[in-house]
2 protein chains.
Amino acid sequence: MLSQTEENYLKAIYKNAGAEQSVSTNAISKTLKTSAASVTDMLKKLADKDLLHYEKYKGVRLTDSGRSVSTHLIRKHRLWEVFLYKKLNFKWGEVHDIAEQLEHIQSPELVERLDAFLGFPKVDPHGDPIPDAEGNYEVEEKVLLSELPEGARGKIIGLAEHSKNFLAHLDAMDIKLGLNIKIIEKFSFDNSIKIKIKPDKVLVLSAKVAQSLFINK
Amino acid sequence: MLSQTEENYLKAIYKNAGAEQSVSTNAISKTLKTSAASVTDMLKKLADKDLLHYEKYKGVRLTDSGRSVSTHLIRKHRLWEVFLYKKLNFKWGEVHDIAEQLEHIQSPELVERLDAFLGFPKVDPHGDPIPDAEGNYEVEEKVLLSELPEGARGKIIGLAEHSKNFLAHLDAMDIKLGLNIKIIEKFSFDNSIKIKIKPDKVLVLSAKVAQSLFINK
DNA sequence: ACAAATTTTTAGACAAGTCTAAAAAAAATT
DNA sequence: AATTTTTTTTAGACTTGTCTAAAAATTTGT
Ligand SMILES: [Mn+2]
Ligand SMILES: [Mn+2]
Ligand SMILES: [Mn+2]
Ligand SMILES: [Mn+2]
């Protein structure tokens, strides 16, 4: 059985590079906010357990086993987020930190029952896909709102940023996942974008916001 | 913030002696299945944090602060048990081990929302009381089924034993909390007891079972 | 191609939580 | 009251995960 710490390293590696590419010691160290020296130590331990391939000075790549642990953690994390959001009515900016703890609960049975209880959701409250029990998931085709031309229509399906700050800002602007939008006008002055949502509500989004929203393609 | 380990020590102390009495090093060591030497070390640390009163060779007693941590843990443990039992349909013998992990999740907001989601339950799936946010709870007056005379009536409201084995046995016998029973006959041969449940079902309980079921008084 | 900057590893230390073995204190027996 | 048994504490060691400082390797820039 893996410790929470080991699990967090694997997840950090997966988030940095997925299962194919390799990740540098420094990248992991930044994600986890630990020293590079500590990371090196841990990478050796995880390599001993066949969770990743490690070659001195060359960075690491997850093994199949390591990838499986990572995606399973992400599955648990996102299922718990759905639970907190849908059943306990937390805001979407509040669920991540709690799920960060809940994802480490060890009980395969619990995950499957939670999944069923939630109605087998496909995405978490931020629009990110929930891996199935085998660790597989589909990534929807999407494009940044800021990339779309005037006149284009689409639906908000994901976020390029996940900070609490950003999520709270979206709440304040009444922007949620699933909204159908149409681009009315793009302002070259500051790259802000005027959009229409629903029948007749119009609002102007800053460039920063437009660059952080994914639209279906 | 306390570590899971520290929390488990406090809970073990509370379970052994409540908040009034004092507990011996050995008793804690048995409950937690760690060496007496380790327990002594930890007791000093917890005393430094004012969670308990420690005097060499005299055992320990929780402080108000220690008692508060303990009852809050028990509150969380039992609320999660209700969740697992009522919402995820786990059997009552399966919930304890998972709740043992969930009780350490740190989020005051989560506990209160879970409580509301569950409809503010007063007892857990084993009939044990759930402390409120202040750590207070009422213990229902009860008596062992084995103590009742022939002809007595009552309702099964609690368990004197919590082993998985016992819980599975009760499942096999179709005995649950809330059942109304009447004592038909007590057999002096082996102290088994014949009871009637509901309209017309009669069954004989072994002495061991009768000594492990609480009836309301 | 060499020097400088950056990244990564090693070395040595520390805190938390655990253990076993031995010493000290307390409790039980005779 | 003295002896034996049991409980508790101390001493010293080990593991996990972390750190800082220094050394080694790699990458970048000229
Ligand atoms: Mn998250
Ligand atoms: Mn985590
Ligand atoms: Mn329990
Ligand atoms: Mn616990």
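Residue numbering restarts at 1 for every chain, and letters A, B, ... go by the order of the sequence lines.
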J.: Let me know the distance between CE of M42(A) and C1' of dT16(D), rounded to the nearest Å.
T.: 8 Å
J.: Would you mind reading off the distance between E6(A) atom CD and dT15(D) atom P, rounded to a whole angstrom?
T.: 15 Å
J.: dT18(D) C1' sits how many Å from Q4(A) CD, rounded?
T.: 16 Å
J.: Report yes if a side-chain nitrogen or oxygen of Y54(A) is closer than 4.0 Å to either non-bridging phosphate oxygen (OP1 or OP2) of dT8(C); otherwise report no.
T.: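 False: Y54(A) side-chain N/O out of range (4.0 Å or more) of dT8(C) OP1/OP2.
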J.: Any side-chain to backbone donor/acceptor pair from E147(B) onto L144(B)? Under 3.5 Å, distance only.
T.: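 Answer holds: no.
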J.: Checking base pairs now: Watson-Crick or wobble, both atom distances under 3.5 Å. What partners dT3(D)?
T.: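 In the structure as shown, dT3(D) has dA28(C) as its Watson-Crick or wobble partner.
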J.: Quick one: is dA16(C) close enough that its OP1 or OP2 comes under 4.0 Å of any side-chain N or O from S3(B)?
T.: no
J.: Checking contacts here: which listed nucleotide (dT10(D), dT10(C), dG17(C)) is nearest the side-chain heavy atoms of K44(A)?
T.: dT10(C)
J.: Between T5(A) and dT16(D), is there a side-chain N or O to OP1/OP2 distance below 4.0 Å?
T.: no
J.: Can you find a side chain N or O atom of T34(B) that sits less than 4.0 Å from OP1 or OP2 on dG17(C)?
T.: no
J.: For the pair made of CG in N26(A) and C1' in dT28(D), what is the distance, rounded to whole Å?
T.: 15 Å
J.: Pick base, sugar-phosphate or nothing for K58(B), based on heavy-atom distances below 4.0 Å to the nucleic acid.
T.: nothing
J.: Taking only side-chain nitrogens and oxygens of T40(A), does any of them come within less than 4.0 Å of OP1 or OP2 of dT9(C)?
T.: yes
J.: Could you check Y57(A) against K56(B) and say which one's nearest nucleotide on DNA chain D is further toward the 5' end?
T.: K56(B)
J.: Whole angstrom is fine here: how far is it from CG in D48(A) over to C1' in dT16(D)?
T.: 14 Å
J.: Round to the nearest Å and state the distance from D41(A) atom CG to dT20(D) atom P.
T.: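 It works out to 13 Å between those atoms.
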J.: Under a 3.5 Å distance rule, please check whether Q101(B) uses its side chain to pair with a backbone N or O of Q106(A) as donor and acceptor.
T.: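 It does hold such a pair.
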J.: In this structure, how many angstroms lie between the C1' atom of dA16(C) and the CG atom of L2(B), rounded?
T.: 14 Å
J.: May I ask you to check whether H126(B) and H96(B) place their ring centers less than 6.0 Å from one another?
T.: no
J.: So, F83(A) versus F83(B), ring centres under 6.0 angstrom or not?
T.: yes
J.: Remember a base hit wins even if backbone is also touched, and classify S38(A) as base, sugar-phosphate or nothing at under 4.0 Å, heavy atoms.
T.: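 Base contact.
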J.: For the backbone of Q21(A) and the side chain of R61(A), can you confirm whether one donor and one acceptor N or O come within less than 3.5 Å of each other?
T.: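 No; judged by distance alone, with no hydrogens or angles, the pair does not exist.
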J.: What's the NZ-C1' distance between K45(B) and dT9(D), to the nearest Å?
T.: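 One finds 15 Å between C1' of dT9(D) and NZ of K45(B), rounded.
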J.: When we call it a touch if two heavy atoms are under 4.0 Å apart, what does S35(B) touch: a base, just sugar-phosphate, or nothing?
T.: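 Since a base atom lies under 4.0 Å of S35(B), the category is base.
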